[in-house]
*Asks:* 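I'd like to ask you about the structure that follows.
Throughout, protein chains are lettered first and strands after them, A, B, ... in sequence-line order, and every chain is numbered starting at 1. Quick caveat, the model's predicted, so the values are computed rather than measured.
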Amino acid sequence: MEYDRVAKLALERGFYFPSCEVYSDSQAGFWEYGPNGVSMKGKFLELWRRELVRRDGMMEIDGSQIMTRSVFEASGHLDSFADPITRCAACGATFRADRMIQEACGATIPESADLAEFDVAIADNGISCSRCGGTLGPAKKFNMMFQVGIGPEGEEAYLRPETCQSIFVDFPRLFKTMRGRLPVGVAQVGKSFRNEISPRQSLLRLREFYQAEIEVFCNPQKLRQVPKFEQVRDTTIRIGGDGDMAETTCAAAVADGALPNEFVAYYIGILAEFYEKTGIDMGRSRFRRLGEKEKAFYAEVAFDFEVETATGWLELVACNYRTDHDLGGHSRHSGEKFEVMDGDTKVLPHVFEISMGIDRSLYTILEHSLNEDDTHDRTVLSIRPYLAPIHVGVLSLVKKDGLREETDTVHRAINRRYDAFLDHSGAIGRRYRRLDEIGCPFAVTVDHQTLEDDTVTLRERDSMGQRRVPLSELDHTISEAIAFP
RNA sequence: GCGGUCAUAGUAUAGCCUGGUCAGUAUGUUGGCCUUCCAAGCCAAUCACCCGGGUUCAAAUCCCGGUGACCGCACCA
């Protein structure tokens, strides 16, 4: 399905829409989830918890979004999550200073160098604006983190650019108090903030966005001793980039070196099994190993989980082997001890992270699930029942003859257990189609026969098929049909 | 951030060039009538000129600035 069609559905049916839209000065890159979006997001996260957090026995935390300056000195974000830029005084075009110098005279200045070095290089080599030839202004750092001032003195802090820093700084306490043993996963769902230069395409590139991150702490000496790898030995994954993509299994990928070890392969395997259950078309997915230049500054080995969408290949998850970059950095900066005992040896754990973009994942589920059914002149969101924002519609065939009251009773009987939507108004076919469009898998219709024999019609979304179900079996029938796999 | 295109009800659009009716239409939504299972019909109601400034007796319409959206470039874990 095309991007525009998904965007329109989101806007019209309360999945997501622009933030602050009544004000014309609202900035790009901020979006809200409406009722159906929130409901779907909640179910998506429940699936994530089931398939990753609970399955692997991880801990889940919920950390602060605002963190003090020291955290980002230690993590490297203050230096490395910023680009040196220079702006043309004449035409206003902005360039990356390091790239500009590299192109103009071949000199390589690391992007984390002192700003003065860029100014000197630009002056010495007589570099001018490549667009208009104008004079370039002094180099500045553009850091993608949002700075905030705390308290009356405005003490320096930042909105976190990734959720995982909370996990790293909390690690010593978590490991001690929660009886941690390596390897151990710590998970977190929450918002992160990045001051993107040009956010685009609604949920796909946001300045404020949701991540579901998992940091697995491990003993780097034991990456090949992973008993639970057996669970995913035969799990199908697609691995590679443009041109060399191949479908394989986790075991084969480790054997031929496409994946570095059983430890990484296990987590890639359970991640693939999770995404299979979201209904995303795994035939259009791949794990792509990133090259040196593409990787984040903290990653030693990185795989992106990407899915083909109407906008091209879209990165949904970044899997990074971060080594001891973070625990080492926080240990040095804070003076705290981050080493833990693994058996009788003391180790500074390494970290493998599974950093999931929730917003992008939800978009992809919508795009891959949305269909136009021309035969029946309807739009159907064929989302998995356990992810549907509304589980069941409860409809009266007509309002009169006591059917309205009977329908209300049926609704009241189930609306605590399910996301049920009550609707009395308009033609029955119109109501079915409205439910189809938000992916509601079932509709229960109360008619005159209901008053006689306590049965209702159960109508199924994808097939449009109908069958009669006794009211006494309704709860059981729905709960089976919408259960998580 | 740069360049191009664009901005009118929830959605899709007419009107703008050539300034002057109550800003039109479709669809949606809400209520009613009718209706015993797939967007039927009828009646009624409801909702809009992106923001700021300028020109003018008068601005949806012309001019300037801002913001946003889409596309391309650059950027992007």
*Asks:* Going by distance alone, is a donor N or O of one side chain under 3.5 Å from an acceptor N or O of the other, for Thr309(A) and Thr311(A)?
*Replies:*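 Distance-only check passes for Thr309(A) and Thr311(A).
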*Asks:* Under a 3.5 Å cut-off for both contacts, is U21(B) paired Watson-Crick or G-U wobble with anything, and if yes, with which nucleotide?
*Replies:*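 In the structure as shown, U21(B) has no Watson-Crick or wobble partner.
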*Asks:* Choosing from G31(B), C76(B), C73(B), which nucleotide comes nearest the side chain of Glu196(A)?
*Replies:*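 Shortest atom-to-atom distance from the side chain points to C76(B).
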*Asks:* Honestly, is Arg160(A) close enough over Phe193(A), meaning NZ or CZ under 6.0 Å from the six-membered ring centre and within 45° of the axis?
*Replies:*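 Judged by the rule, Arg160(A) and Phe193(A) form no cation-pi pair.
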*Asks:* Can a side chain N or O of Tyr3(A) be found less than 4.0 Å away from OP1 or OP2 on C70(B)?
*Replies:*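 Result: yes.
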*Asks:* Does the ring center of Tyr321(A) lie less than 6.0 Å from the ring center of His350(A)?
*Replies:*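 When the ring centroids of Tyr321(A) and His350(A) are compared, they turn out to be within the sub-6.0 Å range.
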*Asks:* Could you tell me if Tyr432(A) and Thr445(A) have a donor-acceptor pair between their side chains, going purely by distance under 3.5 Å?
*Replies:*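 A donor-acceptor contact under 3.5 Å links the two side chains.
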*Asks:* In whole Å, what separates the P atom of C51(B) from that of U11(B)?
*Replies:*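 Taking atom P in both C51(B) and U11(B), they lie 15 Å apart.
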*Asks:* Spell out protein contact along nucleotides 39-49 of chain B as letters: B when the base is contacted, S when just the sugar-phosphate is, - when no protein heavy atom is under 4.0 Å; keep the 5' to 3' order.
*Replies:* BS---------
*Asks:* With distance as the sole criterion, is a donor-acceptor pair present between the side chains of Tyr298(A) and Ser75(A) under 3.5 Å?
*Replies:*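 The answer is no; no qualifying pair exists.
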*Asks:* Which value, in whole Å, describes the distance between the C1' atoms of nucleotides A44(B) and A7(B)?
*Replies:*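 Roughly 32 Å separates the two C1' atoms.
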*Asks:* Rounded to whole angstrom, note down the P distance from U46(B) over to G54(B).
*Replies:*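 Going atom to atom, P in each nucleotide, I get 34 Å.
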*Asks:* Rounding to an integer number of angstrom, what distance separates A69(B) and G24(B) when you compare their C1' atoms?
*Replies:*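 Their C1' atoms lie roughly 26 Å apart.
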*Asks:* In the structure shown, which nucleotide is the Watson-Crick or G-U wobble counterpart of U61(B), with both distances under 3.5 Å?
*Replies:*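 When the pairing criteria are applied, nothing turns out to pair with U61(B), so the answer is none.
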*Asks:* Taking U56(B) as the reference, what is the distance to G20(B) when you measure between their C1' atoms (whole Å, please)?
*Replies:*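 Each nucleotide's C1' atom is 12 Å from the other's.
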*Asks:* Just compare U30(B), C38(B), G68(B) and give me whichever is closest to any side-chain atom of Gln27(A).
*Replies:*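 Out of U30(B), C38(B), G68(B), the nucleotide with an atom closest to Gln27(A)'s side chain is G68(B).
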*Asks:* Pick the closest RNA chain B nucleotide for Pro161(A) and for Thr457(A) by heavy atoms, then say which residue is nearer the 5' end.
*Replies:*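 So the residue in question is Thr457(A).
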*Asks:* Is there a Watson-Crick or G-U wobble partner for G1(B) with both distances under 3.5 Å, and if so, which one is it?
*Replies:*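 Answer to the pairing question: C73(B), which forms a Watson-Crick or G-U pair with G1(B).
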*Asks:* Quick one: label Glu353(A) by what it contacts on the DNA or RNA (base, sugar-phosphate, nothing), any heavy atom closer than 4.0 Å.
*Replies:*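 Answer is nothing: Glu353(A) stays at 4.0 Å or more from every strand.
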*Asks:* Scan the side chains in residues 399-408 of chain A for donor-acceptor partners under 3.5 Å anywhere in the protein, sequence neighbours excluded, and list what turns up.
*Replies:*
residue, atom, partner, partner atom, Å
Asp401(A), OD2, His448(A), NE2, 2.8
Thr407(A), OG1, Leu403(A), O, 2.6
Asp408(A), OD1, His424(A), NE2, 2.9

*Asks:* Looking only at the aromatic ring of each residue, does the gap between the centers of Phe146(A) and Tyr158(A) stay below 6.0 angstrom?
*Replies:*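 That pair fails the under 6.0 Å test.
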*Asks:* Output the single nucleotide from C76(B), U35(B), G31(B) whose closest atom is nearest the side chain of Ser425(A).
*Replies:*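 When the side chain of Ser425(A) is considered, G31(B) is the closest of C76(B), U35(B), G31(B).
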*Asks:* On a whole-Å scale, what distance lies between the C1' atoms belonging to C22(B) and G68(B)?
*Replies:*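 These two C1' atoms come out 31 Å apart once rounded.
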*Asks:* By nearest atom, which of the nucleotides G1(B), U36(B), G68(B) is closest to the Arg200(A) side chain?
*Replies:*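 The closest nucleotide is G1(B).
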*Asks:* Write down the partner of A7(B) under the Watson-Crick or G-U wobble criteria, each distance required to be under 3.5 Å.
*Replies:*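 With both distances under 3.5 Å, A7(B) matches U67(B).
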*Asks:* What interatomic distance, in whole Å, is found between C1' of G52(B) and the corresponding atom of A45(B)?
*Replies:*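 These two C1' atoms come out 34 Å apart once rounded.
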*Asks:* Sort out the partner of A14(B) for me: Watson-Crick or G-U wobble, both distances under 3.5 Å, none otherwise.
*Replies:*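 Its partner: none found.
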*Asks:* Are the side chain of Asn143(A) and the backbone N or O of Met145(A) linked by a donor-acceptor pair below 3.5 Å?
*Replies:*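 Checking the backbone N and O of Met145(A) against the side chain of Asn143(A), a donor-acceptor pair under 3.5 Å is found.
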*Asks:* With respect to the phosphate group of U36(B), does any side-chain polar atom (N or O) of Lys400(A) fall under 4.0 Å of OP1 or OP2?
*Replies:*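 Negative; the distance criterion is not met.
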*Asks:* At less than 3.5 Å, do the side-chain atoms of Tyr23(A) and the base atoms of C50(B) form a donor-acceptor pair?
*Replies:*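 Side chain to base: no pair below 3.5 Å.
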*Asks:* Distance between the P atoms of U61(B) and C50(B), in whole angstroms?
*Replies:*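 Per the computed distance, 8 Å lies between those P atoms.
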*Asks:* Both conditions, 6.0 Å and 45 degrees, for the charged tip of Lys41(A) above the ring of Tyr33(A): are they met here?
*Replies:*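 That pair qualifies as a cation-pi contact.
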*Asks:* Hey, does the side chain of Gln449(A) come within less than 4.0 Å of C37(B)'s phosphate (OP1/OP2), counting only N and O?
*Replies:*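 Checking C37(B) against Gln449(A), no side-chain N or O comes under 4.0 Å of OP1 or OP2.
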*Asks:* Quick one: label Ser355(A) by what it contacts on the DNA or RNA (base, sugar-phosphate, nothing), any heavy atom closer than 4.0 Å.
*Replies:*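 No contact.
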*Asks:* Within the structure shown, what part of the strands sits under 4.0 Å from Glu12(A) by heavy-atom distance: base, sugar-phosphate, or nothing?
*Replies:*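 Sugar-phosphate contact only - Glu12(A) comes under 4.0 Å of backbone atoms but never of a base.
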